[in-house]
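Chain A is the first sequence line, chain B the second, and so forth, proteins listed ahead of strands; every chain is numbered from 1. Computed over heavy atoms, backbone and side chain alike; hydrogens, waters and symmetry mates excluded.
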4 protein chains.
Amino acid sequence: MSRVAEDRGRTAGARTGGVAPRRRGRPRSAAADSAIVEAVLRLIEDGVPIAELSMERIAREAGVGKATLYRRWSGKSALLLDAMRSLDAPCPPLEGVSVRDDLVRLVEFLHRRGLAKRSSAVLRTVVSHVEAQPELWAEYHETVVRARHEALLGALRRGVATGEIRADRDLDTLAALFVGPMLARALLHEWRQLPEGLAEDVVDTVLEGVRPPAAEPGTGPGTPAH
Amino acid sequence: MSRVAEDRGRTAGARTGGVAPRRRGRPRSAAADSAIVEAVLRLIEDGVPIAELSMERIAREAGVGKATLYRRWSGKSALLLDAMRSLDAPCPPLEGVSVRDDLVRLVEFLHRRGLAKRSSAVLRTVVSHVEAQPELWAEYHETVVRARHEALLGALRRGVATGEIRADRDLDTLAALFVGPMLARALLHEWRQLPEGLAEDVVDTVLEGVRPPAAEPGTGPGTPAH
Amino acid sequence: MSRVAEDRGRTAGARTGGVAPRRRGRPRSAAADSAIVEAVLRLIEDGVPIAELSMERIAREAGVGKATLYRRWSGKSALLLDAMRSLDAPCPPLEGVSVRDDLVRLVEFLHRRGLAKRSSAVLRTVVSHVEAQPELWAEYHETVVRARHEALLGALRRGVATGEIRADRDLDTLAALFVGPMLARALLHEWRQLPEGLAEDVVDTVLEGVRPPAAEPGTGPGTPAH
Amino acid sequence: MSRVAEDRGRTAGARTGGVAPRRRGRPRSAAADSAIVEAVLRLIEDGVPIAELSMERIAREAGVGKATLYRRWSGKSALLLDAMRSLDAPCPPLEGVSVRDDLVRLVEFLHRRGLAKRSSAVLRTVVSHVEAQPELWAEYHETVVRARHEALLGALRRGVATGEIRADRDLDTLAALFVGPMLARALLHEWRQLPEGLAEDVVDTVLEGVRPPAAEPGTGPGTPAH
DNA sequence: AGTTAATCGAGACGGTACGTCTGGTCTTTAT
DNA sequence: ATAAAGACCAGACGTACCGTCTCGATTAACT
């Protein structure tokens, strides 16, 4: 189970594990934790645009004081980011038989994420705050993006090992080819139309390339006349 | 020449061309137009985060009354969007000798756009407002995105015609493979590291595919193993 | 007929009389003059509070450009003041048979002025601008108040001469006793209740005093008991 | 001690007395209350014209957010009215030996109020807003004017009882004779010249009347000679 | 007949205040 | 020590108005 609150303030140290330091005073209400996150998700689900998602409205909707929000999160961006994390499906296992199937599964997963209204909404929020709060982006990258990227890179490396993928390609560039289209779709609100076979299409296209299969040897496809 | 102001209000009809309807009253100041847009670009260039880019500050910086802003644009998003349009370089010609060169040129162009601080900043703003104001996004898509997309599709179609690109691929998916990675980079602030040959890399990878070249010599890349 | 416009600007000199200097260019429209003043009076009559009587609204109502207003008057206060002057009834003649009758007539006149919605509205406006624009008040005093005050003082002096009024009273104080109550009523919106015989009541009270008539017959009122 | 703030919003009910309802949340800052009122008085004292007495300036001067103003008062008029109330001297006791002395004391008090720059400035403001906000005027009348009026009427009734004042006069008219002149002076900025004995003069004139003491019996007052 | 000059309605201009809302903090009482 | 409530300061929001400044068009009187 993922820890929801960023644990701002006194409880911050508790995350580094170790023995419980036995805090004093009234413990934080777990009910408040979930009420807040659920309020955020409910509001987003109801189509409230991000710009109208004020902390005051969230607090009101959750039946919670504003201070309770700021005690847990450093600001709106952090809260939204955290709210999104709470609905994160875990990365699919990827123990597929072929590298191609693994890639399809992964891209499919990114695709479905992008289709979810909530995910793309929060993703846009993160994007719009990247500049002003780089540490926010760093944290998001660390906790959400890296795992996926590593999984993707792992699949690609396996492909290289099995000979399915040629070794002279930069794997980061390659990864960007799989992730980029899905990300762009999610951000730019193009998730309304949902082409079903998109993931397979993307993977196969990248794998096979777009040059026509050489019918007869000698006619090198894609080799321009010059 | 691209028209800068959104022409809110009375002047709105003038855009549809036709004969000059001979408007009454003092005409809008072109000096104000440019002063405003330049103020926006200057502020962005100076690293002012989008959140601090208030209409009041823009007006102050431009030496202009707030009403002058709202007379031209319906709100901050529209203004920023329009400011971005003003720094749009025209699409490169694309009359290259080979389709590959055309694609490289186009992707390179998108890449450079993403590298520009101003472009990516405004792009993020647009993205974060897409949800709340779909008509804003529609307009941006119509006037900026579509032209590029058409150019890209044109190049791809030419490739199909010349046999450089196989005909059984969905061209929209193909286009997303070129555009997506650049867009994602621009949005996610990864434009700090700037790999020089990225555009060529992306194009070649997509064209040639990632499967290893067949063992037999003479068979060009892109020919699938099986 | 009273001259309406304050004749701001070029025509200003024309007021000092002398021969007409024969101005060039298009002459000012008399229609605009009256349209403006009538618009003001109509708005006041319709119950528009002074605070909402903006120059823009007046111009709109009169079907006139704002510049046409400012060409004639220096500002809102001057326009309103002038609008009021236009509905000024002339001071009554005061050639009454008795001084008491003259006073009653004059006080009655002030009373009726106060009862008029328009008069009291503009009076309140003048009052609220007295501090900020003393020259406005000076002008109002000169052209409106002084004549009345002189008429009143004249009546009082005549009373002293005829023996109706004792000579050891300060006439300014005396005048204030007649004018003050009416003015206060007008300003403080107490003109809604309209006691008919108020003017006579005030005059008689001031004339006769409030000490009880002496017990002995023959001794007129005003002779103190002790 | 008079309560300063109008108690807009939640606290409004608290005024009707009863037991303290034990409000929740942070209580309103008494420091802010006084800082605001003192800022208003300071600005007026410094000669800032009412028109430049913006809420924003008051907030700035008081070191207070604008919301703090609007939380307490419904608008500028209400704030100014309340500020004036705070500098209200209590009505003088009026337990004088003679009714004449009481009246002099009261009129003197009104006179001094009118001489105060602050009082008359705010009075003018109230007057100019009477039309647009009658409830404002009603409240002012209720809390400030009525007490004075009652005191005055009381003195007059006592005069009637002691025989110092004749019984056949309307006491309201009589009161207007005392109050009107002072009010008019205060409103019309005539408080710059300050005749010292004015109050005594007014009272004596009203009491004794202005007819000459009857020298010989038979000369009926009010009947002119001719 | 042409020129000149000031007017007209319309509306944009730079400023500034309005009253509301939000962000993030602080201060109450109650738990 | 937290909780909910709500006040606190700061400042942006979009609108309205002020008094000035162009526009093109109109309207005289002077050439």
Problem set entry | Rounded interatomic separation in angstrom, taking CD from B/E52 and C1' from F/dA10 | 13 Å
For this session: First locate atom NZ of C/K76, then atom OH of C/Y70, and finally report the distance between them rounded to the nearest 0.5 Å.
Result: 8.0 Å
Problem set entry | For C/V37 against C/A83, the heavy-atom pair lying closest together | CG1-CA, 4.2 Å
Exercise. Of the candidate nucleotides F/dA7, F/dT27, E/dG15, which contains the atom at the shortest distance from the side chain of D/R28?
Worked result: F/dA7
Exercise. Step by step, would you call B/L79 with B/S74 a side chain to side chain contact (heavy atoms under 4.5 Å, CB included)?
Worked result: CA-CA 8 Å; B/L79 167 54; B/S74 62; over 6 Å; no
For this session: Report the C-alpha distance between C/L81 and C/E139 in whole Å, list the side-chain angles of each, state the deciding distance to 0.1 Å, and finish with yes or no for side chain to side chain contact (heavy atoms under 4.5 Å, CB included).
Result: CA-CA 9 Å; C/L81 179 60; C/E139 211 245 318; 3.8 Å; yes
Problem set entry | Between P of E/dT16 and CG of D/L53, the distance in whole Å | 17 Å
Problem set entry | N/O (side chain, B/R71) to phosphate O (OP1/OP2, E/dC13) under 4.0 Å | yes
For this session: Just compare E/dG23, F/dA3, E/dG9 and give me whichever is closest to any side-chain atom of C/T68.
Result: E/dG9
For this session: Would you indicate which nucleotide in F/dC18, E/dG23, E/dG14 comes nearest to any side-chain atom of A/M55?
Result: E/dG23
Problem set entry | For atom CZ of B/R72 and atom C1' of E/dG11, their distance in whole Å | 12 Å
Exercise. Considering only side-chain heavy atoms of B/Y70, which listed nucleotide, F/dG14, E/dT7, E/dG23, is closest?
Worked result: F/dG14
For this session: Mind calculating the distance between CG (D/L69) and C1' (F/dG11) to the nearest angstrom?
Result: 15 Å
Exercise. Looking at D/R72 and D/S29, what are the two nearest heavy atoms and their distance?
Worked result: NH2-O, 3.0 Å
For this session: Search all heavy atoms of A/S77 against all heavy atoms of A/L136 and return the closest pair with its distance.
Result: CB-CD2, 3.3 Å
Exercise. F/dT20 P sits how many Å from C/K76 NZ, rounded?
Worked result: 14 Å
Problem set entry | Among E/dT7, F/dA28, F/dC23, the nucleotide that comes nearest once only the side chain of B/P27 is considered | F/dC23
Using atom types as modelled, flag every donor-acceptor pair under 3.5 Å from a side chain in residues 51-65 of chain C to any protein atom, sequence neighbours excluded.
| unit_1 | atom_1 | unit_2 | atom_2 | d |
| --- | --- | --- | --- | --- |
| C/S54 | OG | C/R57 | N | 3.1 |
| C/E56 | OE2 | C/K66 | NZ | 2.9 |
| C/E61 | OE2 | C/R42 | NH1 | 2.7 |

For this session: May I ask you to verify if any side-chain N or O of D/R26 is less than 4.0 angstrom from the OP1 or OP2 atom of F/dC9?
Result: no
Exercise. With nearest nucleotides of DNA chain E determined for B/S29 and A/K66 from heavy-atom distances, which residue corresponds to the more 5′ nucleotide?
Worked result: B/S29
Seminar exercise, completed: From CZ of B/R24 across to C1' of E/dA10 the rounded distance in Å is 6 Å
For this session: Would you kindly give the CD1-to-P distance between D/I36 and F/dC8, to the nearest whole Å?
Result: 8 Å
Seminar exercise, completed: To the nearest angstrom, the CD-P distance between C/Q133 and F/dG19 comes to 8 Å
For this session: Can you sort out which residues in residues 56-65 of chain C have a heavy atom within less than 4.0 Å of DNA chain E? Ascending by number, please.
Result: C/G63, C/V64, C/G65
